[in-house]
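Here the structure comes first, spelled out in structure tokens, and everything after it is commentary.
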Protein chains: 2
Amino acid sequence: MDITESRQLTASLEDYIEAIFWIVSAKGAARARDIAKRLGVKASSVTGALQVLAKKKYVNYAPYEVVTLTSEGLEEAKRIIRMHEVLRDFFVNVLGIKSKIAEEGACKLEHNIPKPIFDRLIEFMEFIETCPRAGKYWTDKFIKQCNLKKARECEKCIEQSIKSFKKERTMTQTSREITLADLMPKEKGVVLKMNRRNSVTKRLADMGVVRGALIEVERVAPLGDPIDVKVKGYHLSLRKEEAVNIIISRG
Amino acid sequence: MDITESRQLTASLEDYIEAIFWIVSAKGAARARDIAKRLGVKASSVTGALQVLAKKKYVNYAPYEVVTLTSEGLEEAKRIIRMHEVLRDFFVNVLGIKSKIAEEGACKLEHNIPKPIFDRLIEFMEFIETCPRAGKYWTDKFIKQCNLKKARECEKCIEQSIKSFKKERTMTQTSREITLADLMPKEKGVVLKMNRRNSVTKRLADMGVVRGALIEVERVAPLGDPIDVKVKGYHLSLRKEEAVNIIISRG
DNA sequence: TGACATTCTTAGCCAATCCTAATAATGTTG
DNA sequence: CAACATTATTAGGATTGGCTAAGAATGTCA
Ligand SMILES: [Mn+2]
Ligand SMILES: [Mn+2]
Ligand SMILES: [Mn+2]
Ligand SMILES: [Mn+2]
């Protein structure tokens, strides 16, 4: 009925975009054969999918030539990969699932998750990481217990928990405020304050860099600029002058 | 290639089975129109699905007659509904998602979850409910925080947590052992011991009634027999003489 | 019982997504 | 550059799962 080309993406097409993204990341461009291999389909199926994706303007494609993503395609790829990674991290870090099964499961489910559930899952994972009553030790406890098929020793856990609560409390009281630029790769912090209000902070706020959010440093360039961080499943790249305006507490 | 009829079920067919189960539960038998309405498809699509399901032996079907599930169909229905309910309960009870979105999301995802992930999710939900460091108050805290978009007051939470840990510890020490038959509907307990080893306890063990498992009483018949319980997402019906052999601690 | 309404099935269509087999384009190498 | 290998596309087909439209079966009620 509508004359305009539908830009709708099916689960299958999303997987093609995802695959193309990763192959392009690794090799600069994707060939049909690479895509076929990665997705476990025949080359003729890839040609068909590419023609559809090209019509929808998600890929740059001409017969017998290599494939890249358009800017719209790149946007979609990032969206899909964010879904994939959040789910995978939940499976691995919280549920303690083995990496391979977690990847496969994430890639099956990533296309069907309602947005409110996805958003809340991210918040929940943050809550687990930052709440003093849970934390890494707590999830590890769960995973270990599952793998050992062993009853919990709550007595010990409670005692240790009370101790670490008290320690954390005194630490929190004495710890100085630092900025995001002070963190090393793999370190995490909780956003306390954003010093400037401008278009950049607004963009960050849309991505979830708000008071209370958990932020993780992924990479820091040699001269400390830019800084790659992860917030709410988004991978962001910040300039140092932006990072120093984000006041955080280590944790 | 294989001459035998495939019994493979697609996501769509699983939804038909699920729908038929609920309609039969409510009305004794399902008509094509009921199914069409529930799934939001046209009646002709239902006829097609029913013909496929009948060939695969999941439904009792003859043209113009009402539909019921075969015993294989019933088994599948229970499996699918267990998936659905576990996911829904995770979304509602842990993530604090609104019931309608949780139902829809569960029904989308239920067909694609790898078994190890599903199993571990159940264990994780049990862990949250039974670990003294988490518990209902903890998840409520998370949900409330999300809905109010309000920073956590960890100080208070920690203090209260320490207090309730100590209280729980003394309670646990003084509490007498009771059996599953002593619980009222909606009460939960953790399995401490199974007094008898026989085919019944073995069947229960397969369903997850083992030491440490969380078990919830759903309904108790007027004379206290049978007792409907939920364990690991399974709905089981136990006779009282079986229930008294399951030693639990309340909570 | 007969007319009309409702329900169900059939026939035919379409889109998505995979496949195989044949063919075309491209790359490699002596 | 010619022969051969590799890679990509096309053509044709199967399956799944929806749809509309037409008609058959069934139910209802005066
Ligand atoms: Mn994926
Ligand atoms: Mn995927
Ligand atoms: Mn369902
Ligand atoms: Mn479903």
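Reckoned from all heavy atoms, side chains included, excluding hydrogens, waters and symmetry mates. Just so it is clear: chains get the letters A, B, ... in the order the sequence lines come, proteins before strands, and each one is counted from 1.
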query: Can you tell me how far OG1 of B:T70 sits from NZ of B:K56, rounded to the nearest 0.5 angstrom?
result: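 Reported value, rounded in 0.5 Å steps: 13.0 Å.
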query: Quick one: CZ on A:R7 to CG on A:L53, what's the gap to the nearest 0.5 Å?
result: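 One gets 10.5 Å once the value is rounded to the nearest 0.5 Å.
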N/O-N/O pairs, protein side and nucleotides 19-23 of chain D side, under 3.5 Å:
unit_1, atom_1, unit_2, atom_2, d
D:dC19, OP2, B:K42, N, 3.0
D:dC19, OP2, B:S45, OG, 2.7
D:dT20, O4, B:S44, OG, 2.9

task: Could you tell me whether the side chain of A:H235 and the main chain of A:V231 form a donor-acceptor pair under 3.5 Å?
output: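 Looks like no, no N/O pair under 3.5 Å.
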- prompt: Excluding sequence neighbours, so at least two apart, what forms ring-ring contact (aromatic ring centres under 6.0 Å, His included) with A:Y61?
  reply: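 Applying ring-ring contact (aromatic ring centres under 6.0 Å, His included) to A:Y61 gives none.
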- request: Mind jotting down which residue pairs meet the salt bridge (charged side-chain N to carboxylate O under 4.0 Å, His left out) criterion with at least one end in residues 12-25 of chain B? Sequence neighbours excluded, please.
  value: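 For residues 12-25 of chain B, and leaving out neighbouring residues, the salt bridge (charged side-chain N to carboxylate O under 4.0 Å, His left out) pairs sorted by first residue read B:E14-B:R79.
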query: Given atom CD of A:Q51 and atom C1' of D:dT9, what is their separation to the nearest angstrom?
result: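 Those two atoms, CD and C1', are 8 Å apart.
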- prompt: Atom CD of A:E65 and atom P of D:dT7: how far apart are they, to the nearest Å?
  reply: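 These atoms are roughly 17 Å apart.
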- request: Name the first nucleotide and the last nucleotide along DNA chain C (5' to 3') that come under 4.0 Å of a heavy atom in chain B.
  value: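 Boundary nucleotides touching chain B, in 5' to 3' order, are C:dT7 to C:dT10.
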message: Need one value for A:S12: base, sugar-phosphate or nothing, where a base atom within 4.0 Å counts as base even if backbone is also close, heavy atoms only.
response: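 It contacts sugar-phosphate atoms only.
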- prompt: Which heavy-atom pair separates A:V59 from A:A54 by the least distance, and what is that distance?
  reply: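 Looks like CG2-N, 3.6 Å.
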Residue pair A:I227 / A:A243: nearest heavy atoms and the distance that separates them: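 Heavy-atom minimum between the residues: CD1-CB, 3.6 Å.
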field: Below 4.0 Å: OP1/OP2 of D:dT15 and any side-chain N or O of B:Q8
entry: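 Indeed not, no polar side-chain atom of B:Q8 lies that close.
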message: Set out, in order, the CA-CA distance, both residues' side-chain angles and the distance that settles side chain to side chain contact (heavy atoms under 4.5 Å, CB included) for B:E126 and B:K232, then state yes or no.
response: CA-CA 8 Å; B:E126 270 195 15; B:K232 308 260 182 206; 3.7 Å; yes
message: Please list, in numerical order, the residues of residues 14-35 of chain B that have a heavy atom closer than 4.0 Å to any atom of DNA chain D.
response: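 Per residue number, the list reads B:Y16.
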- request: Using a strict 4.0 Å threshold on nitrogen-to-oxygen distance, state whether A:E75 and A:K78 make a salt bridge.
  value: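 Result for this pair is no, no salt bridge flagged.
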Please output the side-chain donor-acceptor pairs of residues 98-105 of chain A that fall under 3.5 Å, not counting sequence neighbours, one pair per line with the distance.
unit_1, atom_1, unit_2, atom_2, d
A:E103, OE1, A:H84, NE2, 2.6
A:E103, OE2, A:R88, NH1, 3.3

